[in-house]
Each structure stands twice: as structure tokens, then as C-alpha cells.
There are 2 protein chains.
Amino acid sequence: MLRQTGPVANPPAGGCPPTTRRPSPIAPVPRPARATRRPTLADVAAAAGVSASTASLAFSGAGPVAVATRERVLAAARGLGYAGPDPTAASLRRGRSGVVGVVVGERLRDAFRDPYVATLLDGVVDALAGEGLAILLLPMTHDLSGAPAEQYRTAAMDAVVFATGGLPDDPALAVVRDRGVPVVSIEGPDVPGASLVRVDDRTGSREAAEHLLALGHERVAVVTMPWRLDGHEGALGSRRRRLRGFADCTARLAGVEDALRPVAVHECATNAVEHGRRAAHAVLADPAGPAGRGRPTAVVAQSDVLAAGVVQACGELGLAVPGDVSVVGFDGVDLPWLRPHALTTLVQPVADKARATADAVLGRLGGGEPTDVTLPVHLRTGTTTGPAPGR
Amino acid sequence: MLRQTGPVANPPAGGCPPTTRRPSPIAPVPRPARATRRPTLADVAAAAGVSASTASLAFSGAGPVAVATRERVLAAARGLGYAGPDPTAASLRRGRSGVVGVVVGERLRDAFRDPYVATLLDGVVDALAGEGLAILLLPMTHDLSGAPAEQYRTAAMDAVVFATGGLPDDPALAVVRDRGVPVVSIEGPDVPGASLVRVDDRTGSREAAEHLLALGHERVAVVTMPWRLDGHEGALGSRRRRLRGFADCTARLAGVEDALRPVAVHECATNAVEHGRRAAHAVLADPAGPAGRGRPTAVVAQSDVLAAGVVQACGELGLAVPGDVSVVGFDGVDLPWLRPHALTTLVQPVADKARATADAVLGRLGGGEPTDVTLPVHLRTGTTTGPAPGR
DNA sequence: TTGTACGCGTTATCAC
DNA sequence: GTGATAACGCGTACAA
């Protein structure tokens with residue numbers, strides 16, 4: 001691969017694929033000859049015949065400058081090809097980078113494909129961008145020795161947001177906290193000193209379970225999001241449940257169990273349609289049911305994405321939804337391709353969640369104490385739940 | 001919304017929602033009392049009884065340091081709660097921020113939901129992270145006066161990648177180039193001085209069209225991705241085509257027209273399933289066809305996401321795929337929920353594209369000239385294309 | 001192997 | 001409204 005097939009406009013010499021050994025990209029940049037170095041604010045000031053401080057004010061607008069002076073400075077800048085103050089130097093001086101790190105699930109590929117994540121991230125980015133803050137994307141990682149983890153240590157960040165949950169024992173979290181960087185987490189990790197934004201997962205899930213009970217369902221299976229980040233897939237046993245899981249996953253399961261006793265709890269390795277589908281096959285394929293006490297008549301999935309996979313699997317298994325199996329999701333995202341089905345689901349206020357996250361970040365940046373916000377969810381009844389068979 | 005409903009572990013005072021007026025988050029951080037300020041490398045050096053330069057070497061490993069000395073330094077650091085060199089100061093000194101800006105389509109929400117984009121981004125992030133480079137997410141924007149656009153001017157970046165295409169006349173592009181920041185673009189903008197990574201859109205699309213011709217199709221409609229970023233939707237007329245469009249969009253259309261003359265060219269406002277669906281309704285609903293010369297028997301969509309929407313619409317219109325209408329996509333992403341259909345599509349080597357992008361970035365960072373790479377695509381025949389009706 | 005000296009480019013503070 | 005000065009915290013020639 002990487003064949004050059006098309007027209008090559010620029011000198012391809014040394015292009016991709018790269019030569020054997022290249023210097024590290026963050027190696028120091030060679031000191032350029034005096035003649036070619038980029039102009040600095042001091043150069044501009046000199047050219048405009050003002051002091052560096054005045055030139056600085058002309059750009060930042062942080063103090064009074066005569067209009068004529070400012071014009072002169074800007075003109076000088078244009079003349080020298082000066083594109084504005086150096087961000088790094090400004091950051092050093094101000095003590096702020098203007099950057100917020102956002103941690104998202106290990107494989108971006110999977111994380112982004114969840115409309116909930118995409119929408120949430122969109123909202124967070126939007127809100128923070130509106131405040132002049134840029135977003136640094138931090139892939140979640142176990143392995144603190146790898147190069148990617150280096151960023152947790154060495155990237156300039158004013159705050160870090162754990163956007164898709166995190167475990168209290170995440171080593172990356174420790175690194176960030178040791179640096180003294182404020183942490184805001186969405187649905188976890190719930191640790192002292194971190195601001196927390198979440199929805200009422202437990203109550204919502206209980207309502208979903210009660211909805212099914214009211215419809216006469218007695219055999220309910222739960223399909224969960226990943227409990228931890230280790231790729232485990234299959235029945236979620238008590239041994240594993242004793243390990244601390246992701247907060248949302250844990251709370252949603254607890255909510256269901258507040259109302260009923262599931263006949264099966266199946267964990268997915270990833271929050272993806274395909275895994276929901278596989279989970280449903282595991283739980284619904286056998287007419288005798290996973291526990292030998294009959295096939296579940298309802299499935300509570302911990303996300304809409306997983307629920308969609310369950311609905312799809314039902315089609316493949318020849319099970320009618322909701323005639324044979326009722327399906328409930330969580331998130332309330334739009335899944336246009338699920339038509340004509342409309343998922344019964346717990347709608348979270350994603351936009352509010354994003355806004356609350358941005359506010360939490362701004363609060364910490366402003367010197368405020370960590371905050372803790374819980375937003376409500378509500379059950380939206382769609383077409384995927386109905387009376388239990390035979391009722 | 002934003003009601004505090006759950007338990008509030010931390011002092012909620014002044015939390016979210018925020019009080020009326022907060023200071024800008026990138027305002028200078030108040031000078032802390034001498035006693036509480038975070039320790040610096042100099043402090044650590046003093047505590048360890050070595051010079052600052054030695055302490056620096058102990059952390060960076062950029063020079064020889066006696067093991068015992070290093071231990072002493074690290075111990076002193078631990079004792080002082082020093083978490084490592086300040087990233088901003090290090091960046092200033094090195095002249096490199098270790099950050100690469102990545103520009104993605106205007107609404108992240110939509111962009112991320114395209115599996116092609118998610119996979120591409122995943123690959124780019126992965127490859128760059130492996131080189132110690134972090135990713136700054138830059139939402140594409142028209143409006144250079146808004147706060148989000150400020151980032152193009154003021155964020156510290158060693159390079160910028162336009163990941164989802166860009167227009168040569170994008171003002172944000174101009175800002176970045178004026179700063180002297182190297183640009184790498186994927187499928188455009190194709191401008192002098194920028195490295196370009198793309199696939200052979202035109203040839204691929206021609207092959208798709210030829211595939212349909214070979215199957216006997218005579219009335220072929222094209223459903224395009226957005227031509228420009230202005231939310232336009234509907235027939236892509238010649239007036240609009242005279243405006244410069246996104247490179248991939250333009251090339252894919254040209255490729256089809258190299259082989260045949262479409263009976264309709266319908267532009268979508270966004271590269272989303274829902275818009276593909278709407279486009280298909282517009283083009284296929286009328287049995288007389290959009291041009292009055294009969295309903296198209298095939299649709300070439302410029303992305304798999306759009307193609308999926310077309311397939312869905314066919315179901316809604318009671319048209320069999322491929323019995324009544326054949327559908328071709330572009331990208332070769334997996335769309336598990338499209339089962340039992342398997343899209344006929346042009347498969348792009350997304351992973352190679354990501355790798356090539358990372359290489360292009362590294363090349364520029366290493367002082368290399370801009371490069372230009374074109375990767376091949378290949379037609380993968382699925383179950384959504386078949387002989388034209390009546391053949 | 002370690003220390004000295006300097007500069008990276010900017011901005012806050014204060015005096016004028 | 002403008003200018004001088006002093007950091008911001010660190011990396012790196014170079015000398016010792």
C-alpha cells in the first residue's frame with residue numbers, strides 16, 4: 001500500500017513512506033539563521049517605534065492604546081509577516097494554556113460511533129470553544145508506559161475531562177491529579193477532588209424495569225456496557241461484579257435490580273451495535289433460556305446502541321419485537337436507521353450534560369471548588385416494548 | 001434543567017449553573033503566595049543539591065547523569081510534590097508544542113457518526129500519539145469572528161491536519177498558513193505548500209459507474225456529499241457546480257460522469273444516513289423519475305452512510321434492492337445494522353490513509369517538503385447491486 | 001559527569 | 001497612553 005498512484009505535484013523525495021530513521025518530532029527545532037527567523041513581538045515593536053509592552057497591548061487589547069498607535073503596530077506586523085503573539089510564550093507568561101484535555105474511550109473508532117458520545121462531545125467542544133478553550137483529545141489507555149500515555153504527563157492542559165466514564169483506579173487519572181490539573185468527570189470516575197456530572201442512571205433504570213414489570217414481563221435479561229476496560233465479554237458473574245466497574249454501568253444494573261431479578265446479565269466488550277447483537281444471540285437464541293427457565297421476554301440494554309443490536313438480532317432469530325421480546329435502551333439518541341422501530345429508552349439530557357460539564361470546567365478554572373451535578377432522565381415509550389407474550 | 005437531583009458530595013456553592021459573571025477562563029492566574037506556589041525544577045534541584053541543568057537532564061534523559069544523582073533528584077521531586085517539567089515552559093524552550101491540530105467537519109456530532117471519519121481519526125490519533133504528538137480538535141468554521149475561530153489563531157500547534165476535506169478558500173486555512181504552521185490535508189484543500197493525502201476518488205467512482213453500466217443500468221442517479229459548507233440540499237445545478245466544491249465530492253462526481261450521464265444529481269446537506277434517505281425519497285419517489293424520463297434504476301451515493309440511507313428509503317418506498325434499484329456506496333466501512341444487505345462499495349484503505357497522514361505530518365515536522373500521496377480504492381461487490389430491471 | 005549562563009517570546013506591574 | 005523591568009520555567013551550549 002501507500003503506492004503513489006496519482007499525479008505528484010510536490011517533490012516526493014523522502015515523502016511517505018518515510019525513510020528508515022527520522023528524528024523525534026518533538027526534538028528541538030534547529031536554530032535558524034538570524035535572517036530567516038520568524039519575527040517576534042519585539043521586532044514588530046521596534047519597526048513600529050513603540051515598546052514591546054505597547055505592542056503587546058495592541059494585540060491583546062488588555063489595556064489602553066491610542067488608535068493611531070495600534071494601527072502603526074498592526075501595520076508593522078503585516079509588513080514583517082508577523083501573525084500574532086506566540087501562543088506558547090503567551091501561555092507561559094499567563095500560566096494558562098487555554099487547553100482542556102478530553103479523555104474518550106480507548107478506541108476512538110468505537111467511541112465516536114456511539115451517537116451519545118458524538119453528541120456529548122460536540123456539546124462539550126462547542127461550549128468550551130465558546131469560552132476560548134481548545135480541546136485536546138486523549139485516548140484512554142491502560143498502559144502507562146506507552147507513548148500515548150506520555151501525553152497525560154507532558155501535554156499542557158488547564159483541566160481534564162473524563163468524557164466517557166473512567167475507573168477510580170485508572171492510572172492515567174492518578175497522573176493527571178498528581179500534576180494538579182483539575183479533573184471533571186462525566187459518569188465517573190467519582191473521586192474526591194474531581195467534579196462530577198452525571199444523570200440519574202439508577203432511578204432511570206429502575207423505571208425501565210418497572211415499565212417492563214407493568215407489562216407483565218417476568219424473565220428479563222440485561223445487556224451491559226463494558227464493566228471494565230479489559231475486553232471481557234459474556235455473563236457478568238459475581239466474581240467480576242466484585243471488581244469496581246464503570247459508574248454508569250454499575251448504577252444502571254443496580255437500578256434494574258432494584259425492581260426485579262434479571263434472568264441473565266450479559267456484558268459486552270464494547271458499546272457497539274455489533275456487540276449488542278452478539279449479546280442478544282447469546283441470551284435469546286436458546287428457547288430454553290440462558291438459565292434453563294425459559295427465554296427472556298424482555299431485554300434491558302444499557303445503551304441505545306446495544307439495544308439496536310438486540311433489536312437486529314431479534315429479527316435474525318425470527319423473534320418479533322415487541323411481540324416476542326421487548327427491548328429497552330438508554331440514552332435517547334436518534335437512530336434513524338432503526339425505522340420503523342422507535343426504541344423505548346431512557347432519554348438523557350445530553351445537551352445539558354455537555355453544558356454542565358463546560359460549567360464545571362470553567363468553575364474549576366475560576367478557582368471554584370469541585371461540584372457534583374446529577375441530571376434527570378425520563379422514560380420515552382417507543383414501539384419496542386409491549387405486553388409480555390401471553391398477556 | 002441542570003437541576004441538582006442527586007446527592008451532592010461536594011460544596012455546591014457557586015457550582016452549576018454558574019453565577020452571572022465569571023472571569024474569562026484564560027485570564028491570568030492570580031499570583032499565588034510564595035508559600036503555596038507549585039515547585040519548579042529549580043526548587044527540586046536545590047532540594048537535591050544539584051544544579052537546575054542536572055535536574056533537567058534527570059527528567060528528560062537527554063544527557064548523561066549519574067544514576068545516584070538521578071535518584072536523588074527524583075526523590076527530591078517526590079518529596080516536593082513536583083510532577084515533572086512544566087509543559088509550556090518546555091515547549092517554549094524547544095520551539096515545539098507537541099500538538100497537532102485536526103480539523104473536522106463543522107458539526108462534530110455528524111462528522112463522528114460517519115464510521116469512515118471515526119476510523120480515520122482513530123488511525124491518525126493512534127499514529128501521532130505513537131510519536132508523542134497530541135491532537136487538538138478544531139471544529140471547522142466559516143465564521144472567523146466567532147470565539148471558536150480564535151483557536152486557529154491562538155492555539156499552540158506544530159501542524160494542522162484538515163481531516164475531512166476543506167475548501168481552498170477556507171478562511172481558517174489562510175489563518176493557519178499565515179502563522180507558518182505546516183498543513184496536511186486529507187482529500188483537500190489542495191493548495192500549494194500543503195501536503196495532500198487522498199484516494200483515487202475519480203477512478204474509483206468511474207469503476208462504480210461502469211459496474212452499473214455492465215449490469216444494464218441506463219438511468220443512474222447520484223447522491224452527493226455536501227458540495228460546500230452552507231447547508232444546501234437538493235438538485236446540484238450547474239450554477240452551484242461552478243462554485244468550487246470539496247475535492248472528494250467533486251472528483252467522485254466527475255468519475256461517474258466519466259462513464260455515464262446521471263439522470264439526477266442530488267446534494268445532501270450533511271453526510272448522514274438521514275440525508276441519504278431524504279435524497280433517495282426525492283430522487284426515487286416519483287415513478288416518472290426526477291427528469292420525467294422514468295425512475296432511476298440505480299443510485300451512486302458518495303459515501304456508505306448516504307448509501308445506507310438510500311437503501312433504507314427504498315424499503316420505505318417498496319422498492320426492492322437490488323431488484324428495482326441498485327445502490328453503490330463509497331468508503332467500505334462496516335455497517336452491521338444494514339444486514340442482511342452488504343453494500344456494494346468502493347473500499348478505501350482507511351488505515352493506510354491515516355498512516356500516510358501521520359507520515360506527512362512527521363515529514364513536515366522534520367523539515368521535509370510537502371508531499372502528495374494518492375492511494376488506490378477498489379470496488380467490492382455486495383448484495384445491493386444487480387441487473388437492471390427487465391434485463 | 002556536573003555547573004554556569006543565557007535566552008525562548010511574551011505579558012503584568014508600575015512608574016511616568 | 002506609553003515605556004522600562006522583571007519574571008514565567010525550562011533546555012542547552014559550553015566551560016569546568
Side-chain angles (χ1 to χ4, degrees), chain A residues 24 26-32 34 37-46 48-73 77 80 82-98 153-154 156 158 179-180, chain B residues 23-24 26-32 34 37-46 48-73 77 80 82-98 153-154 156 179-180:
Chain A
S24 167
I26 43 176
V29 51
R31 197 62 157 355
R34 210 75 181 151
R37 77 169 228 282
R38 292 192 75 77
T40 76
L41 189 54
D43 298 331
V44 174
V50 298
S51 77
S53 12
T54 303
S56 175
L57 293 184
F59 278 100
S60 71
V65 180
V67 224
T69 314
R70 149 178 287 137
E71 286 308 330
R72 207 143 35 89
V73 172
L80 289 169
Y82 177 77
D86 178 272
T88 308
S91 293
L92 176 59
R93 184 56 245 237
R94 293 204 236 245
R96 289 249 129 113
S97 65
R153 263 186 265 284
T154 64
D158 296 338
R179 280 179 59 182
Chain B
S24 167
I26 44 177
V29 50
R31 198 60 157 357
R34 212 74 180 151
R37 79 169 225 281
R38 293 191 74 77
T40 76
L41 189 55
D43 299 329
V44 174
V50 299
S51 78
S53 51
T54 302
S56 174
L57 294 184
F59 278 100
S60 71
V65 180
V67 224
T69 314
R70 147 177 290 139
E71 286 309 330
R72 205 142 35 86
V73 172
L80 289 169
Y82 177 78
D86 179 272
T88 307
S91 293
L92 177 59
R93 189 57 248 240
R94 294 204 233 245
R96 289 249 130 113
S97 63
R153 262 187 265 284
T154 63
R179 281 179 59 183

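By convention in this document, chain letters (A, B, ...) are assigned in the order of the sequence lines, proteins followed by strands, and residues within each chain are numbered from 1. Quick caveat: nothing in here was measured; it's all calculated off a predicted structure.
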**Student:** Nearest heavy-atom pair of A:Phe59 and A:Gly84: which atoms, and what distance?
**Tutor:** CE2-CA, 4.2 Å
**Student:** Please give, in whole Å, the distance from C:dG9 P to A:Arg38 CZ?
**Tutor:**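 Going from CZ in A:Arg38 over to P in C:dG9 covers 11 Å.
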**Student:** Go through residues 51-60 of chain A and report each residue with a non-hydrogen atom lying under 4.0 Å from DNA chain D, sorted by number.
**Tutor:** A:Ser51, A:Ser53, A:Thr54
**Student:** When we call it a touch if two heavy atoms are under 4.0 Å apart, what does B:Leu92 touch: a base, just sugar-phosphate, or nothing?
**Tutor:**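 Touches a base.
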**Student:** Go through the structure and list residues passing side-chain hydrogen bond (donor to acceptor under 3.5 Å, both in side chains) with A:Thr54, not counting sequence neighbours.
**Tutor:**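 side-chain hydrogen bond (donor to acceptor under 3.5 Å, both in side chains) list for A:Thr54, sorted by chain: A:Ser51.
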**Student:** Starting from C1' on C:dT10, measure out to CZ on A:Arg96 and report it in whole angstrom.
**Tutor:** 17 Å
**Student:** With a cut-off of less than 4.0 Å, is there a side-chain N or O of B:Tyr82 near OP1 or OP2 of D:dG9?
**Tutor:** no
**Student:** Quick one: list whatever passes side chain to side chain contact (heavy atoms under 4.5 Å, CB included) with B:Ala62, sequence neighbours left out.
**Tutor:**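 Residues passing side chain to side chain contact (heavy atoms under 4.5 Å, CB included) with B:Ala62: B:Leu57, B:Ser60.
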**Student:** To the nearest angstrom, how far is A:Leu41 atom CG from C:dG9 atom P?
**Tutor:** 11 Å
**Student:** What pairs meet the side-chain hydrogen bond (donor to acceptor under 3.5 Å, both in side chains) rule with one or both residues in residues 82-92 of chain B, with sequence neighbours excluded?
**Tutor:**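 Listed once each, the pairs would be none.
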**Student:** Please evaluate the base of D:dA7 for a donor-acceptor partner in the side chain of A:Arg93 within a cut-off of under 3.5 Å?
**Tutor:** yes
**Student:** Using the test side-chain hydrogen bond (donor to acceptor under 3.5 Å, both in side chains), find all partners of A:Asp43 that sit at least two apart in sequence or belong to another chain.
**Tutor:** A:Arg37
**Student:** Within the side chain of A:Asp158, is there an N or O that forms a donor-acceptor pair under 3.5 Å with the backbone of A:Gly98?
**Tutor:**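 Yes.
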**Student:** Under the side chain to side chain contact (heavy atoms under 4.5 Å, CB included) test, which residues partner B:Arg179, sequence neighbours left out?
**Tutor:** A:Ala83, A:Pro87, B:Met157, B:Val181
**Student:** Which residues in residues 62-71 of chain A have a heavy atom closer than 4.0 Å to any atom of DNA chain D?
**Tutor:** A:Pro64, A:Val65, A:Ala66, A:Thr69
**Student:** Determine to 10° how strongly the helix from C:dT1-D:dA16 to C:dC16-D:dG1 is bent, judged from the axes of its five-pair ends.
**Tutor:** 30°
**Student:** Please report the closest heavy-atom contact between B:Ala55 and B:Ala45, naming both atoms and the distance.
**Tutor:** CB-CB, 3.8 Å
**Student:** Could you check B:Arg72 against A:Ala89 and say which one's nearest nucleotide on DNA chain C is further toward the 5' end?
**Tutor:** B:Arg72
**Student:** Rounded to the Å, how far apart are B:Asp86 CG and D:dG11 P?
**Tutor:**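 Atom-to-atom, B:Asp86 to D:dG11, this comes out as 9 Å.
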**Student:** Work out which heavy atom in B:Ala48 is nearest to a heavy atom in B:Val73; give both atom names and the distance.
**Tutor:**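 Where B:Ala48 meets B:Val73 most closely, the heavy atoms are CB-CA, 3.9 Å.
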**Student:** To the nearest angstrom, how far is A:Arg94 atom CZ from C:dC8 atom P?
**Tutor:**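 So the two atoms are 20 Å apart, to the nearest Å.
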